[in-house]
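Written out below as structure tokens is the structure these notes cover.
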Amino acid sequence: MSKREDIIADIITKLDAVTSPIEFKKITREPFEVDELSDAQFPACYVQTGDETRETSTLGGVASGKRQGTINFSIVGYVKGTTSNIDTLRNQLIEVVEETLDDDISRAGNALNTELIEASSDEGVLFPYGGVRIVISVVYEFTRGTS
């Protein structure tokens, strides 16, 4: 598997292992329709690879040497709540994602750094569901031809 695949697999594995204070009941790499989920499938999220920038990190020919990439992964999460707790549930989901991924910023040895760079919410548009979009930036190094 490529480092890109290893990194996203690690993100999903780590989030899937969380049991407290929330436990993801559905986690996938494919988008889904939130209104088609049963109550037992919340909280739910999907993770997708987003934009990537790359640069050469060693001198020499472009065809060989070390390169560095920065990938942005999008985590779209959903909770289901009431008028009295929906914002709390959204915030809890963001905090759990950040704290869980901060436990191993190397993504099982495949990355140099992992950082939450953006978190946004649906601001109540989806009620009784709460939606968040979290962008995780991962910096990794690879040898050209083996990314």
Side-chain angles (χ1 to χ4, degrees), residues 1-57 62 66-147:
M1 229 186 324
S2 72
K3 279 198 174 184
R4 293 168 58 93
E5 284 295 310
D6 290 341
I7 290 167
I8 196 168
D10 179 72
I11 290 170
I12 290 170
T13 298
K14 299 288 175 31
L15 293 177
D16 198 31
V18 173
T19 59
S20 177
I22 65 169
E23 178 179 355
F24 287 101
K25 303 298 184 181
K26 177 180 179 76
I27 186 166
T28 180
R29 288 181 68 176
E30 301 304 323
F32 51 82
E33 294 293 329
V34 66
D35 56 353
E36 293 179 6
L37 299 178
S38 71
D39 287 352
Q41 292 178 291
F42 288 95
C45 73
Y46 64 88
V47 183
Q48 291 192 315
T49 306
D51 297 333
E52 179 176 0
T53 58
R54 292 182 171 192
E55 61 185 62
T56 302
S57 58
V62 175
K66 292 255 185 220
R67 299 199 74 196
Q68 184 171 296
T70 301
I71 308 172
N72 291 333
F73 293 95
S74 292
I75 301 171
V76 178
Y78 298 99
V79 294
K80 188 170 183 181
T82 65
T83 55
S84 65
N85 73 352
I86 195 74
D87 191 48
T88 299
L89 293 172
R90 282 191 303 249
N91 287 336
Q92 191 175 52
L93 191 149
I94 292 166
E95 288 173 19
V96 164
V97 168
E98 182 172 29
E99 290 173 10
T100 300
L101 297 182
D102 278 353
D103 283 345
D104 177 16
I105 63 169
S106 77
R107 307 279 47 93
N110 292 298
L112 303 172
N113 191 33
T114 300
E115 180 177 15
L116 187 151
I117 61 169
E118 181 184 336
S120 57
S121 81
D122 70 321
E123 300 177 0
V125 175
L126 299 174
F127 187 81
Y129 310 110
V132 298
R133 181 175 178 270
I134 302 164
V135 179
I136 304 295
S137 178
V138 178
V139 178
Y140 74 110
E141 202 170 56
F142 61 95
T143 302
R144 187 169 169 86
T146 62
S147 64

State, yes or no, whether a side-chain contact exists between [X] and [Y] at a heavy-atom distance under 4.5 Å.
| X | Y | value |
| --- | --- | --- |
| Pro128 | Ile86 | no |
| Arg67 | Tyr140 | no |
| Ile134 | Leu93 | yes |
| Leu15 | Ile75 | yes |
| Ile105 | Glu115 | no |
| Leu37 | Lys80 | no |
| Asp122 | Phe127 | no |
| Gln48 | Pro31 | yes |

Could you grab the distance from atom [atom1] of [X] to atom [atom2] of [Y], nearest 0.5 Å is fine?
| X | Y | atom1 | atom2 | value |
| --- | --- | --- | --- | --- |
| Asp103 | Glu98 | CG | CD | 11.0 Å |
| Ile71 | Thr114 | CD1 | OG1 | 10.0 Å |
| Ser120 | Ile94 | OG | CD1 | 7.5 Å |
| Asp35 | Tyr78 | CG | OH | 9.5 Å |
| Asp87 | Glu123 | CG | CD | 10.0 Å |
| Asp51 | Thr49 | CG | OG1 | 10.5 Å |

Which atom names give the shortest non-hydrogen contact between [X] and [Y], and what distance separates them?
| X | Y | result |
| --- | --- | --- |
| Cys45 | Gly77 | CB-CA, 3.7 Å |
| Arg90 | Gly131 | CD-O, 3.5 Å |
| Ile7 | Ala111 | CD1-CB, 4.4 Å |

Practice item. Report the relative orientation of the aromatic rings in Tyr129 and Phe42; use parallel for angles under 30°, tilted for 30 to 60°, perpendicular for over 60°. Key: parallel
Review point. Going by atom types alone, do Thr13 and Asp10 pair a side-chain donor with an acceptor below 3.5 Å?
Key: no
Using atom types as modelled and distance alone, determine if a side-chain donor or acceptor of [X] lies under 3.5 Å from a backbone N or O of [Y].
| X | Y | value |
| --- | --- | --- |
| Arg107 | Leu101 | yes |
| Gln41 | Ser38 | yes |
| Lys3 | Glu141 | yes |

Review point. Checking side-chain hydrogen bond (donor to acceptor under 3.5 Å, both in side chains) for the pair Asn85/Thr82: CA distance, chi angles, key distance, verdict?
Key: CA-CA 5 Å; Asn85 73 352; Thr82 65; 3.2 Å; yes
Exercise for review: Let me know which of Phe24, Phe32, Phe73 forms a ring pair (Phe, Tyr, Trp, His ring centres under 6.0 Å) with Tyr46.
Suggested key: Phe32
Review point. Is Asp104 paired with Lys14 through a side-chain N to carboxylate O contact shorter than 4.0 Å?
Key: yes
